[in-house]
Every structure is written in structure tokens, then in C-alpha cells.
2 protein chains.
Amino acid sequence: MSTRLKETFNGSAPGAPATAGAASGTPATTGAASDAARRPQPDPTPPAPAALAAKVRTLAPSMTRSMQRVAETVAADPAGCAALTVTGLAERTGTSEATVVRTSRLLGYPGYRDLRLALAALAAQQATGRAPAVTADIAVDDSLTDVVAKLAQEEQQCLADTAAALDTTQLEAAVAALAGARRIDVYGIGASSLVGQDLAQKLLRIGLIAHAHSDPHLAVTNAVQMRAGDVAVAITHSGRTTDVIEPLRVAFDRGATTIAVTGRPDGEIASYADHILTTSTARESELRPAAMSSRTSQLLVVDCLFVGVAQRTYETAAPALSASYEALAHRHAPRPR
Amino acid sequence: MSTRLKETFNGSAPGAPATAGAASGTPATTGAASDAARRPQPDPTPPAPAALAAKVRTLAPSMTRSMQRVAETVAADPAGCAALTVTGLAERTGTSEATVVRTSRLLGYPGYRDLRLALAALAAQQATGRAPAVTADIAVDDSLTDVVAKLAQEEQQCLADTAAALDTTQLEAAVAALAGARRIDVYGIGASSLVGQDLAQKLLRIGLIAHAHSDPHLAVTNAVQMRAGDVAVAITHSGRTTDVIEPLRVAFDRGATTIAVTGRPDGEIASYADHILTTSTARESELRPAAMSSRTSQLLVVDCLFVGVAQRTYETAAPALSASYEALAHRHAPRPR
DNA sequence: TCACCTCTGAAAAGTAATTTCAGTCACCCG
DNA sequence: CGGGTGACTGAAATTACTTTTCAGAGGTGA
């Protein structure tokens, strides 16, 4: 059958011998025209996406021995072959460049370049497909690559859980209280102390009077000063950290509005909280103590509080934000490069 | 291979006195000298797999305008760009072939050919992967429900980007250094200070001697005491916070092993870091300053460091972890219910 | 304003892909 | 059994694409 294409692909009819440049652009002779006309489809298949192995099997019978070698090599190790040039692949399969190109054509690509691209794509698909859920606990002998993947995965899950479980009504109330507060105290101990400082830093940045306390004694001392119109925020994952509950109780008794950010909305701390924001907890393992996921979760809640407050005090918050940015500029070395 | 590329920017190597040196290093410090001597490796970046969008964001600030155009085009439409030749992409972005090649290099590939391969791979992943994830900026009039959803979404993305872009080799080296450290100093200012404290807290928990400094003067004072066998960690998103660079430089000069956790691996801080861990940067908007995403990213890196160290010192870490847990038990109110 | 320095793209140089072409081999027919 | 025929193959020539070089444009600081 004439389908046995004359190696040449574009309409360079044998009519014009040698013929340098003219080939592509020239409208051409009758011979070329009819050739083009009779070239309905070089190959009915569009650049195959990922069903390459199947295609190789289908087409194998119509291939010559050398071409089969190329096709099989390619199907067996897409990733490896994608890294090779024509010459490289020719060598690896013990054939010539011409054969590689011919194989590429037979498989439905315009040339080797495109086969190579498809190979890279295929390799990527295989790679992602082969990476199933990494839900397993982090083990002592996990590679660092695994550790990174698992940690990222777990924290992402934690964020999703927290967002889904967060009570918008409570959040709304908490934001309103913060936005109108005369002064804000934040209580947190240990890991939660950092979250508290983060909140206080952010609120300060938009012009609110906020202070984070991690010293239980000082916290209580300060709490005594609180009164109606003030807001106290307590952050504790367990919901029963006495050193944090105590100042919140004091502030509550003094008439301040109290907010609890906790993973145990039924804990003792709930008794003294006007608004409760629940953080979620991920499974924890030996190497991944609760502190990690609770922190992630708490920070998301804190960010939500901050953005909410910033929205409601936009008139003052926006200028304050850019001002604090400007003020820090000179603490940085001159632009590199 | 033999083609020793000429235009190689390899400015990535901090030592290159050509550009960076002229600009910032002019004051002629001892740092520059020891720096050149101890320069770790020419290009720490392996061909990124799929973290391309993140990488573009990270590197964008250090790119010229035309390069940014190329990088953005490529990040926005990997599939489309994979089909283009250098010339095609140059035309599409209104630049020249040279610029496209330069951009490819900056992104960590040997040349355009390889970037194109990676693009094809990325496109394939995206195609099989999930929906494009629509992330609009947070607006002033968004409802709190929207705010929660958007924040959670963005932080998740940030985690994924960070994990994908994290250089395992660097991480491995950093973990090894920390695990064997005689003492560990952590430098961080502002928002990064909290991350630093988090790291120090965690390391303390597993029996290492770690201290976080947020006072620049005290940090330098402490850095002077560092010597070989000690490890200094600096955390700065911008990579050019002088108050953090300074103590790291001092520790570096004293012979300590230095680690930088930064969003700008090409920043000045790179000159004094034996190991660089790159955090990724999310788009930032007015209501969501860079601090938020950088913090999320930094914390993931810190967690990875911690888990890595805990694995390598498991014999002592495991008992230490449970011991600290026990020790805190009495600070909690009796179990509710 | 001038000197300097970086960025940029046009074009040269180089590398990889494609096509040509002639040699080889197997098969088939006389 | 021998000669002819046609298909397969790889070396070499050609073409397409990529990379490097280089000089001018545009900006910046003195």
C-alpha cells in the first residue's frame, strides 16, 4: 500500500531535486499539490497522550525489528528516554537516529522532538499516579523526602479540617469584639504562646492595643485590670491549661469580653469564654506531637481573626499596614542584584 | 557537557564577586574572603519537578522585566508553552530567544530544552490533577465565610509549594548539622522571631541545646561565642534583614555551620549560609501581607528540620519527648468528663 | 551632563533533529 | 541455484532549533 510513506513528510515531492530553501514556502508544482491533496492524514491518531504502551503493542507487528527495539525501550522507561537525545536513544537501542525518528513517526508524532515531550508528560503522570495517599504515620526510618511530603500533607489536612469546622457565627462575634476593643490581652503558654504573640503582633500592626502574655503571673496581674470593653483571648489546645484559664477567668469576672481558641470546646475554659473558636486536631504520632497540628490550626484561626478585624477597621488598618511596612524598609539591606 | 556555558549567571553562587560583591560586599569584610573559600556548591537547585509556579514567584524579584514576562507566561500556561520552540516563546512573550534561555537557566534548568520538558511534565500533571483551584484575593467586603475559605486555601497551596520546592539535599545536610551540634543558635526578627522560637522550643524538647534570639544585639553577642561544631540558623523571609544577617555572618566567620531559612535564596544572606532552605512565597494582597504565607512556609521547614533531627537522635529524642509531656501533665486541670 | 552599568535582542556559532542515500540482506521467482 | 527485487538500515548531509556572543538601548548616580 502506498501508505508506506516516502520518509518525507511534508510535501517535498521528488520533483524538485536538491532544491534548497524553496521547499516549504513555495506554492509548488502540480506534483506537490496533488501529493498534498492525497495526504489526508499522516496518521489518524493525534499525538497520543499517555496510552503509549498500548500503542506500542498495537503497532509492534507493523514495525521492523529495529523500530520495535526503539518502541519497547521507550515504553519501558519513558522517564529515562525523555532525558535522551535522538543520538542517545539510538545508541541505547543500538540503532541509528533515522530509525528513532521513523519510530516516532509511526507512533503518531511529527518527529522525535514531540515524542520526547510526550514521554516527559507520560513520566510525570506515572510519577504522580504512583504516589498514593501518604497517610501513614511518620516513621523513624522514613526518608526526608517522605517526611516533607507527609508533614505537608498532614498540615494541609489540618487546615482543611479547621476551616470546615470553624463556627462563622462565633468568629463573627469575636471579630466584632476585637474590632471595638479598648485593649486586648492574649494569653498563651508554651507552643500556644507563639500563636498568641503572632496575634498580638498582627493586631498591633493595624493600630489596636494588644499585648500577649506568656508569663502566668503577669497575665493574671494584667487580667485584673480588664473591664467591659476590653477583650481577652486565651489560646490553649487542651482547653485545660490552668495557667491560661486563670487569667481568662479573671478577665471574664471583671466584665471583659472573652474569647477562647481551643481544641476542646467542652473543656473547662469554655466556662469563662463568651466566644469559642474551635481548632481541630490531627492524629498525632510519636514523632509528630500534637503541638504541630494544633499550632497550624490555631494560626489559621488567628489569621481569620486578623483579616476579619482588618476588614472592619479598614479605614485605619490599611494606612497602618503600609506605614509599618515603610518603617521597616531601612532595616533591610539594599536590594540585591 | 564539555560546553562550559559562558553566559551562566551562576550568580547564585554567593562567592561570585562580579555582581553581588560589587554592590553589597564593598565594605570589604572578612566575610567575603571566608565566603569564597567555603562556598558550598555552584547551583543548589535541581531541575524542579512541578513546583514551577512557586519557583517563579520565589525568583521573580531577582528577575529582569523581560525575564519576568517569560516566567509568568510559562507558569500561567505550561501546556501551551511546552508546544513552543524558543523562537515561538520569545515571540509570544515579546522578547528574544536569549532572554528565554536566560530565564530557563534562572529557573534551574540547563537550557530551554529542559525547561520545555519540565513544562510538558507539569502540564500532564495538571491535566490529570484536580481543578485549577480558583483563588481570588481577599477583598474588604468578603464575608467571613469567604475569608476562612480563602485563607485556608491559600495556606494549603503555600504548604504544597514549599514542600515541592524544598531541596532535600540541603535539608539533609542541615538536619545532619543540627543533630550533631554542640549548641544551636536561632536568629529571627519580627514575625520570623516566632518561627525561630518555635524551632528552639522543639529542639530543646528533644534534648538539644538551642536558643532563639530576637534581640539583634544579644544575637551578635552570642554569635561571637560560636565555633566549629556549633550551628547557627537564621530565619528571614526577605533574605536581607540586616539584624539577622549580621549574627549569622559572625557565626559563619567563627567557623560555625550556618543554615538560612529564607524566601530569597539569592539574597545577601546566602553569602554566609552553608545550607539554604528556601521557603516559598504566595501572592500577597493588601489584607494578606507576606508575613502570613511566609510564616506558614517557614513553619513547615522548621517542622521538617525537627522531625529529621528527631529521627536521627531517636534514642535520646523519644524518651525526652515523653518526659516533657509527663512533666507538663500537672499544669493541666483534671480531665473534664 | 556624562560615565558607567545593566538589560536586551539580532545575529553568529553550535548542537540536535531530520532527510537523503547508498549499502546490505532476505526473500522470491526464474 | 542464481539473479533480481525490494525492504531495512545507518552514515552522512541537510535543516531546524538552541545557545552564545556582542553591541546598542536605556537607565542611574555622580
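Scope of the values below: all heavy atoms of this structure, side chains included, with no hydrogens, waters or symmetry mates. By convention in this document, chain letters (A, B, ...) are assigned in the order of the sequence lines, proteins followed by strands, and residues within each chain are numbered from 1. Bear in mind that the values here come from a model prediction, so they are computed numbers and not experimental data.
- Judged as a salt bridge (charged side-chain N to carboxylate O under 4.0 Å, His left out), the pairs with a partner in residues 65-89 of chain A (not counting sequence neighbours) are, in order, A:Asp77-A:Arg92.
- Following rounding to the nearest Å, B:Leu89 (CG) and D:dT19 (C1') show an atom-to-atom distance of 15 Å.
- For the pair B:Leu117 CG and D:dC17 C1', the computed distance is 15 Å after rounding to whole Å.
- Between A:Glu91 atom CD and D:dA11 atom P there is a gap of 10 Å when expressed in whole angstrom units.
- The nearest whole Å value for the distance from the CE atom in B:Met67 to the C1' atom in C:dT6 is 12 Å.
- Regarding B:Leu115, its CG atom lies at a distance of 14 Å from the C1' atom of D:dT19, rounded to whole Å.
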Pairs under 3.5 Å (N/O, protein and nucleotides 16-18 of chain C):
unit_1: C:dA17; atom_1: OP1; unit_2: A:Arg116; atom_2: NH1; d: 3.4
unit_1: C:dA17; atom_1: OP2; unit_2: A:Val86; atom_2: N; d: 2.6
unit_1: C:dT18; atom_1: OP1; unit_2: A:Tyr112; atom_2: N; d: 3.2
unit_1: C:dT18; atom_1: OP2; unit_2: A:Tyr112; atom_2: N; d: 2.8

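- Between the side chains of B:Ser96 and B:Thr99, at least one donor-acceptor pair of N or O atoms lies under 3.5 Å.
- Within the 4.0 Å cut-off from OP1 or OP2 of C:dC7, not a single side-chain nitrogen or oxygen of B:Thr99 is found.
- A:Arg65 has its CZ atom 11 Å from the C1' atom of D:dT9, to the nearest Å.
- Partners of A:Ala82 under the side chain to side chain contact (heavy atoms under 4.5 Å, CB included) rule, at least two apart in sequence or in another chain, are A:Leu119, A:Ala120.
- Among residues two or more places apart in sequence or in another chain, the side chain to side chain contact (heavy atoms under 4.5 Å, CB included) test is passed with B:Ser192 by B:Ile235, B:Gln298.
- Taking the salt bridge (Lys or Arg N to Asp or Glu O under 4.0 Å) definition, one finds that A:Glu97 meets it with nothing, sequence neighbours left out.
- Counting only residues at least two apart or in different chains, salt bridge (charged side-chain N to carboxylate O under 4.0 Å, His left out) contacts with residues 115-124 of chain B are absent.
- For C:dT8, one of the phosphate oxygens OP1 or OP2 lies less than 4.0 angstrom from a side-chain nitrogen or oxygen of B:Ser66.
- Listed pair B:Thr64 / C:dT8 meets the phosphate criterion, a side-chain N or O lying under 4.0 Å from OP1 or OP2.
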